[in-house]
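Reading through the structure tokens given below for one structure.
FYI, the numbering just counts along the sequence from 1.
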Amino acid sequence: MDEELLTIGAFAARARLSAKALRLYDRLGLLVPAHVDTAGGYRYYRASQTERARLVALLRQLDMPLARIAEVVEADGAEAAELLAAYWADVETRVAGQRALAEYLRARLSGRSSEMYGRFEVVMTEVPEQVVISETRHTLAGELPAWIGASLTRLGAAADACGGVTGAPFVVYHSEVSMESDGPAESCVPVADEAAARAWAGKRGRAWETTVRVEPARRLAYTRITKAQVAYPQILAAFEAVEQWIAGQGLEKAGPCREVYFADWDASGPDDAVCDVAFPVRW
């Protein structure tokens, strides 16, 4: 036997990995043995594979999925570092969201909800009847921000063929959107010409699952929030503040909740007001 080859047990000890993990990484093509005995199926590794094995072990300590580990270990130094940085940025974003959710839940569980809701000023407004082009999708909370941006961009471009945009775009939640519930949500852009909108939808709207409808006049109770507050779960507190205000005023909800986007999202900073969270109401 070539003296440079190590048994799986010896290599596992050197690489600080279990033999079970090595067998898994072999099946995935992540860390393939240098030699496999055809008679007994025994795996042998070269000492030079130790660095790759230890890198895999360290990346696993970051809870990196095996598929992404494969991308990192196959890349060269600079590219591998960029892949790791991108993964860790995603982790930090997720943790920041979880931290905010934990604080939100602490406030609810400790009875500080009224303090939390008190940050939001709720007012009423009247919205006239509008013709809208809309796009509906079942989506989970994690995919929602990207879909909202993409769908409103598509609808905004389509509005040129429908007489132009006549009001702020909005998103209606026909059912709950969370990490477990997928709505649906409906992106809407008000347009000027109903006939032109229906003609456009007949030609091109089907490919986007776009519809044209008349949104009736509404009385909305809403609160205005900043770009930072649009993030989940902060936005939940805003919606709950509006619901609490509606109940306190002796009003009834008259339709599903919505977000009205009145500002240029990309040009806005974290503290800039960009969105109204609202419920249709009736006396």
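- Across every non-hydrogen atom of Val230 and Cys275, the tightest pair is CG2-CB, 4.0 Å.
- The side-chain hydrogen bond (donor to acceptor under 3.5 Å, both in side chains) pairs that include a residue from residues 164-175 are Tyr173-Glu259, His174-Glu186, where partners are two or more places apart or lie in different chains.
- Here the OH-OG1 distance, from Tyr42 to Thr7, works out to 11.0 Å after rounding to the nearest 0.5 Å.
- Under the side chain to side chain contact (heavy atoms under 4.5 Å, CB included) criterion, Thr226 pairs with Ala228, Gln229, sequence neighbours left out.
- No path of Ile, Leu, Val, Met, Phe, Trp and Tyr side chains, each step under 4.5 Å between heavy atoms, connects Leu220 with Val132, placing them in separate hydrophobic clusters.
- When the side chain to side chain donor-acceptor pair (under 3.5 Å) test is applied to Trp265, no partner is found at least two apart in sequence or on another chain.
- Residue Glu143 qualifies as enclosed at atom CD: its count of foreign heavy atoms under 6.0 Å is above 12.
- Taking Asp160 as the reference, nothing meets the salt bridge (charged side-chain N to carboxylate O under 4.0 Å, His left out) condition, with sequence neighbours excluded.
- In terms of heavy-atom proximity, Gly167 sits nearest to Pro190 at O-CD, 3.7 Å.
- Remark: Glu243 pairs with Lys253 by the salt bridge (charged side-chain N to carboxylate O under 4.0 Å, His left out) rule, at least two apart or across chains.
- Neither Leu30 nor Leu58 shares a network with the other; the hydrophobic side chains, linked directly or stepwise wherever heavy atoms of I, L, V, M, F, W or Y lie under 4.5 Å apart, form separate groups for each.
- Listed by first and then second residue, the side-chain hydrogen bond (donor to acceptor under 3.5 Å, both in side chains) pairs involving residues 190-199 are Glu194-Arg198 (not counting sequence neighbours).
- Annotation: side-chain hydrogen bond (donor to acceptor under 3.5 Å, both in side chains) contacts involving residues 14-27, sequence neighbours excluded, comprise Asp26-Arg43.
- Partners of Gln130 under the side chain to side chain donor-acceptor pair (under 3.5 Å) rule, at least two apart in sequence or in another chain, do not exist in this structure.
- Following chains of ILVMFWY side-chain contacts shorter than 4.5 Å, one can reach Val277 starting from Val171, so the two form part of one hydrophobic cluster.
- Across all non-hydrogen atoms, the minimal contact from Val172 to Pro256 is CG1-CG, 3.5 Å.
- Shown here are the side chain to side chain contact (heavy atoms under 4.5 Å, CB included) partners of Ala254, two or more places apart in sequence or in another chain: Pro280, Arg282.
- For Glu121, the side chain to side chain donor-acceptor pair (under 3.5 Å) criterion is met by no residue, not counting sequence neighbours.
- In this structure, Val131 is not a member of the same hydrophobic cluster as Val260, with clusters built from ILVMFWY side-chain heavy atoms closer than 4.5 Å.
- Every residue meeting the side chain to side chain donor-acceptor pair (under 3.5 Å) condition with Arg258, not counting sequence neighbours, appears here in chain and number order: Glu215.
- Under the salt bridge (charged side-chain N to carboxylate O under 4.0 Å, His left out) criterion, the residue pairs touching residues 69-85 are Arg52-Glu74, with sequence neighbours excluded.
- Exactly one residue among Leu5, Leu17, Leu6 makes a side-chain contact (heavy atoms from CB on, under 4.5 Å) with Phe11. That residue is Leu6.
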